[in-house]
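Worksheet: one structure, shown below.
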Amino acid sequence: MSTDRVDKAWQRKGLKDYSTEAIVGTLGHYGVQVSEADFRQLAEKKYPSGIAEVWLPQWKGTGQFAPFPYAAAGELWKRWLGDRLAPYELSESLAQLMGALGQLLQGSQQAPVDSSFQRMNEVRKRIPVNDKGEPEPGFMQEALRVFDERTARAFDDLAEMLAKAGHPQHADAFADVEEFLLPDRRGVSKPIIRAARGERDPALEDLQKVAGDGARSPISRVLAVDGLLHLGANDKVAAVGRPLLEEAERTKDWHLALDMVARLEHAYKQLGDRTSLAAIAQDRARVEKAHDEAHPGHRRHQHSH
């Protein structure tokens, strides 16, 4: 085992200037023996944070060394698996792109938008994908876990804000990134931009298509209904939501059914449709009962809109 070790300044300096022997030696000193072969084996199924979590039960480092396994896994990935994209590289390029677009929205003429899109496109080519050409979910989960709720909301709103601020090409390009990274949003993000550019009717039509498409995942269909709600198309929500609720009940997808009940309630309230509100109250009671029987002890509040 190497006697070479990382010192306490690592958190301030980062690990790039320490030798691989020092990083591996520090892991060993605090209870985690690792070789390049072990690491490569773990990397067949896990990404850096996942690898660090495998190490944690044996990890004895405290204080400044408590989070060391996460940094070490990231750095060793870079050194030993340099040909494979690490999730944090996507996190960094996405943060950089959002920062540049944020500067543009604040009126900066020097915002490095083109170079940030260029970097994102290079990273995008290296993202591991499944047989449908969609980003591998484990990779995406790790890449996006670093973003807090505020950043997630900014991500959600950015393409529409760009379109409204008169940057249609950047809006389209960002929506393209968004729909690639989060395939459930395919066909949902872009219509919102169309509406922001004044193409409201075709946008509503696109969203209704996704909401009514049984081949799409339930989350995609709910997101399309949310898009209609966002655009204030409550009559369209009522039109697509009712068949979707009936389908969810038929297939016993009680979470989708609860999601649709909440959205239909919202639409009927906005429309002032008292008859439909009375009917949806009965639907809610029936769906909640079925949900509770299927999932005893499962809290329901997360499904409200």
Side-chain angles (χ1 to χ4, degrees), residues 87-127 134-135 140 143-211 216 219-237 240 263 266-267 270-271 305:
Y88 62 82
E89 292 178 83
L90 171 58
S91 317
E92 284 168 4
S93 62
L94 185 56
Q96 183 188 42
L97 176 59
M98 287 173 66
L101 291 168
Q103 287 172 41
L104 178 71
L105 286 170
Q106 286 166 353
S108 165
Q109 301 303 307
Q110 277 78 48
V113 172
D114 292 341
S115 58
S116 299
F117 267 121
Q118 210 173 335
R119 182 184 174 196
M120 172 54 79
N121 290 333
E122 290 305 313
V123 165
R124 179 174 164 170
K125 287 176 201 160
R126 296 175 60 211
I127 293 173
E134 296 170 349
M140 287 309 301
L144 297 179
R145 73 199 286 184
V146 298
F147 295 110
D148 61 16
E149 208 171 314
R150 190 163 150 255
T151 314
R153 276 201 303 274
F155 176 84
D156 293 347
D157 296 340
L158 197 46
E160 186 182 19
M161 286 171 74
L162 287 162
K164 284 181 173 172
H167 303 289
Q169 282 173 299
H170 295 323
D172 284 339
F174 191 77
D176 191 57
V177 169
E178 187 184 339
E179 289 193 359
F180 171 71
L181 296 179
L182 302 172
D184 285 329
R185 297 188 183 188
R186 193 166 35 85
V188 176
S189 302
K190 287 179 182 173
I192 301 287
I193 295 168
R194 290 190 78 177
R197 286 203 304 251
E199 299 170 35
R200 182 180 166 81
D201 289 342
L204 296 180
E205 212 173 293
D206 289 348
L207 290 168
Q208 280 177 278
K209 270 186 207 148
V210 175
R216 294 296 298 268
I219 181 71
S220 287
R221 299 174 76 184
V222 170
L223 287 169
V225 173
D226 285 346
L228 292 168
L229 282 173
H230 177 69
L231 297 174
N234 295 297
D235 53 336
K236 311 281 190 217
V237 172
V240 295
R263 284 150 179 81
H266 181 85
Q270 296 302 309
L271 292 165
H305 178 65

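Just so you know, residue 1 is the first one in the sequence shown, and it goes up from there.
The existence of a salt bridge linking Arg197 and Asp172 is confirmed by a sub-4.0 Å separation between a basic side-chain nitrogen and an acidic carboxylate oxygen.
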Compile the donor-acceptor pairs under 3.5 Å between side chains in residues 187-196 and protein atoms, sequence neighbours left out, one pair per line.
| unit_1 | atom_1 | unit_2 | atom_2 | d |
| --- | --- | --- | --- | --- |
| Ser189 | OG | Glu178 | OE2 | 2.9 |
| Lys190 | NZ | Asp176 | OD1 | 3.2 |
| Arg194 | NE | Glu199 | OE1 | 3.0 |
| Arg194 | NH1 | Asp206 | OD2 | 3.0 |
| Arg194 | NH2 | Glu199 | OE1 | 3.2 |

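Here the closest heavy-atom approach between residue Arg221 and residue Ala211 is recorded as NE-O, 2.9 Å. The minimum heavy-atom distance linking Asp184 with Leu223 is given by the pair O-CD1, 3.9 Å. Nearest heavy-atom pair, Phe147 versus Ala95, reported as atom, atom and distance to 0.1 Å: CE2-CB, 4.1 Å. Scanning both residues, Pro112 and Gln103, for their nearest heavy atoms gives CD-OE1, 3.7 Å. Minimum interatomic distance between Val237 and Arg263 (heavy atoms only, all atoms of both residues): CG1-O, 4.0 Å. Nearest heavy atoms, Ala100 versus Val113: O-CG2, 3.8 Å.
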Could you go step by step and tell me if His230 and Asp226 meet the side chain to side chain contact (heavy atoms under 4.5 Å, CB included) rule? CA-CA 6 Å; His230 177 69; Asp226 285 346; over 6 Å; no
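To the nearest 0.5 angstrom, His167 atom NE2 is 5.5 Å from Leu105 atom CG. With rounding to the nearest 0.5 angstrom, the CD atom of Glu179 is 9.5 Å from the CZ atom of Arg185. Atom CG of Leu94 sits about 10.5 Å away from atom OG of Ser116, to the nearest 0.5 Å. Taken to the nearest 0.5 Å, the OG atom of Ser115 stands 12.0 Å off from the CE atom of Met120. To the nearest 0.5 Å, atom CG of residue Leu181 and atom CE of residue Met140 are 4.5 Å apart.
Pairs of residues two or more places apart, or lying in two chains, that qualify as ring-ring contact (aromatic ring centres under 6.0 Å, His included) and include a residue from residues 172-193 are Phe155-Phe174.
Side-chain contact between Leu97 and Arg119 is absent, with no heavy-atom pair separated by less than 4.5 Å. Within the 4.5 Å cutoff, side-chain heavy atoms of Asp114 are placed close to those of His170. Counting only heavy atoms from C-beta outward, the side chains of Asn234 and His266 approach each other to under 4.5 Å.
A donor-acceptor distance shorter than 3.5 angstrom exists from the side chain of Arg200 to the backbone of Leu231, with no hydrogens or angles considered.
Annotation for Arg150: atom CZ does not count as buried by contact number, only 12 or fewer foreign heavy atoms lying within 6.0 Å.
Screening Arg124, Arg126, Lys125 for a salt bridge (Lys or Arg N to Asp or Glu O under 4.0 Å) with Glu122, the sole residue that qualifies is Lys125.
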